[in-house]
Amino acid sequence: MDLLSRQGLRTDGRRSGELRRIRCKMGVFNQPDGSAYLEQGNTKVVAAIYGPHEIRTNRAKAPNDSAVINCQYSMATFSRSERKRRPRDNKSAELTLHLKQAMATAIKTDLYPKSQIDIFVQVLQSDGGNYSVCVNAATLALIDAGIAMEEFVISCTSSLANGETPLVDISHLEETMGGPSLTVAILPISGKIAMLETSQRIHINHLEPVLTEAVRGCRYIYENLNKIIKKHYEEIGGALNWGTEEYNI
Amino acid sequence: MSLVSLNEAEKVYIIHGVEENFRCDGRSRQDYRPLELEMDIVSNANGSARLRLANSDILVCVKVEIDTPLPEAPKDGKIEYFVDCSANATPAFEGRGGEHLAAELSRFLCLAHGPVFNLSKLCIVPGQSCWKLFVDVLILECGGNLFDAVSLAAKAALCNTSLPNIVGTYEDGQNIDLQISDDPFDTKPLEASDLPVLVSLCKIGNSYVADPTIEEEICGAGCIVVSVTPKGNVTAVLKKGAGSFMPDTLNEIIMSGSHIGILLNKALNETLIQDMSSNVCKQQYGFLK
């Protein structure tokens, strides 16, 4: 089976440059300070933020002048088609670290000295690009929690089909039977790269087109999420009369 | 368990409210908070349900696999309960923090379902192969009364579960190879409507309340969890938390729990029937609502 048919269609009917459907909701839970649900195609993630609050873990090692960021990436045992035995294993420990690094580049930690921000992401259903969706969901939840950030952190994946065509936002099928897959997290306004990982070796000549495609995917996701966030706050603000004289009184 | 802490005055206020049979949220002692249930949330599972009991948010998925039966019970299938307390629910569950609660929940759920669930229905070829059900519970938010919420969600998910039909078998000497239907709609539903639900009754002051909130759980002196079938039979009882009960009170609590359990089962069954009858072009909301 080819990843890209002669007509230029992928296994799920998308073209090489098309992303999956994005749907999201901010503020799904009441108890966390911020929460978000995000689905990209069949990959579904919930993220919850607790904080900034006083430091609970490793108080001795905590820096004095900035916030501690604490992450946990966890995958539901039923999230894949094959059942997982444990929700957290070595792989999720690695992803936890990557998530923490990516989010730490954007959060203004120096505004919250002697405090801790907890970022918990939970994969409910997985169909490729889990890490990317988790980063995007964590960004939404951080915005919902009202934590100061330099800008969004947006992540996307891409792969290479038939050794020439870059595919954006790859599914689980394309991840497992395809060529090298690349995950990138960027800060979309400045265009800086916050995290980059390739799954296997990739020819240097291919790196540039694949990376460009992933970054283009990130920008598309950024525009979409930005629209959704603006609409969300328009609705909230509309109910509270934000920006009107009534609210100012 | 959670981040809630109460001072003496708040506790006294809650306890006095319970004494007056008028709780902080306006309920009487026997009332439940609003329940929301949605089925078929996770598409790659054989059955799933998401339940919200006020702020408690539970997602349960049932997956089936083919396994070999145990030698001591060759005609029985298998069922395994697994509870994961996600850190999303409360930071206290981070890492291994939720393991004790998870173990208590899964063990008691297994104990409660055990006497009622007919494992022989899961048998395919006696002594050779059987279905194994994995009931995976994920706690996404906890707003008190986890036992009741988990049991309701688990029962709903099991009622939503359907086993794939077996279309053919190949015999190769001693081994039997089973061929499972590829059609996702070629299934038969798992009969689970006679499973029990759990009813927690928390002792506060001299009386006891159903469906305690987190704040009431903190004020309470011990909690009795009763597992009640739709007919009102009690299959298991658990006393959790610190605090002690007089034998008379215990009897009264179990009787009252059994009464509440019948009503709860009835409400759940009605909802499930309503859900099944409106199966055609049903609007899926999931977490987007």
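Proteins come first, then strands; the chains are lettered A, B, ... in the order of their sequence lines, and each starts at number 1. Side chains included, hydrogens not; waters and symmetry mates left out as well; all remaining heavy atoms used.
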*Do B:T90 and A:Q31 have a side chain donor and acceptor closer than 3.5 Å?*
no

Atom [atom1] of [X]: over 12 foreign heavy atoms under 6.0 Å:
X	atom1	answer
B:E191	CD	no
B:Y32	OH	yes
B:Q179	CD	yes

Is it the backbone or the side chain of [X] that comes under 4.5 Å from a heavy atom of chain A, or both, or neither?
X	result
B:N55	side chain
B:S48	neither
B:A45	neither

*Given side chains that start at C-beta, do those of A:V46 and B:S86 come closer than 4.5 Å, heavy atoms only?*
no

*asked:* Could you check whether any side-chain heavy atom of B:E141 comes within less than 4.5 Å of a side-chain heavy atom of A:V28, counting everything from C-beta outward?
replied: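 Sidechains of A:V28 and B:E141: no contact.
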
*Quick one: do A:T77 and B:K63 satisfy side-chain contact (heavy atoms from CB on, under 4.5 Å)? Show the steps, please.*
CA-CA 10 Å; A:T77 45; B:K63 272 183 190 281; over 6 Å; no

_Does A:K25 form a side-chain contact (heavy atoms from CB on, under 4.5 Å) with B:F287? I'd like the steps, not just the answer._
CA-CA 7 Å; A:K25 169 135 173 79; B:F287 288 85; 6.0 Å; no

*May I have the step-by-step check of side-chain contact (heavy atoms from CB on, under 4.5 Å) for A:F29 and B:R52, ending in yes or no?*
CA-CA 11 Å; A:F29 300 125; B:R52 259 190 94 86; 3.8 Å; yes

*For side-chain contact (heavy atoms from CB on, under 4.5 Å), just list the numbers for A:R83 and B:F82, CA-CA rounded to whole Å, side-chain angles, deciding distance to a tenth of an Å, and then say yes or no.*
CA-CA 12 Å; A:R83 185 179 178 272; B:F82 178 82; 3.6 Å; yes

_Under 4.5 Å from a heavy atom of chain B, the part of A:R23 involved_ =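 Contact with chain B involves both backbone and side-chain atoms of A:R23.
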
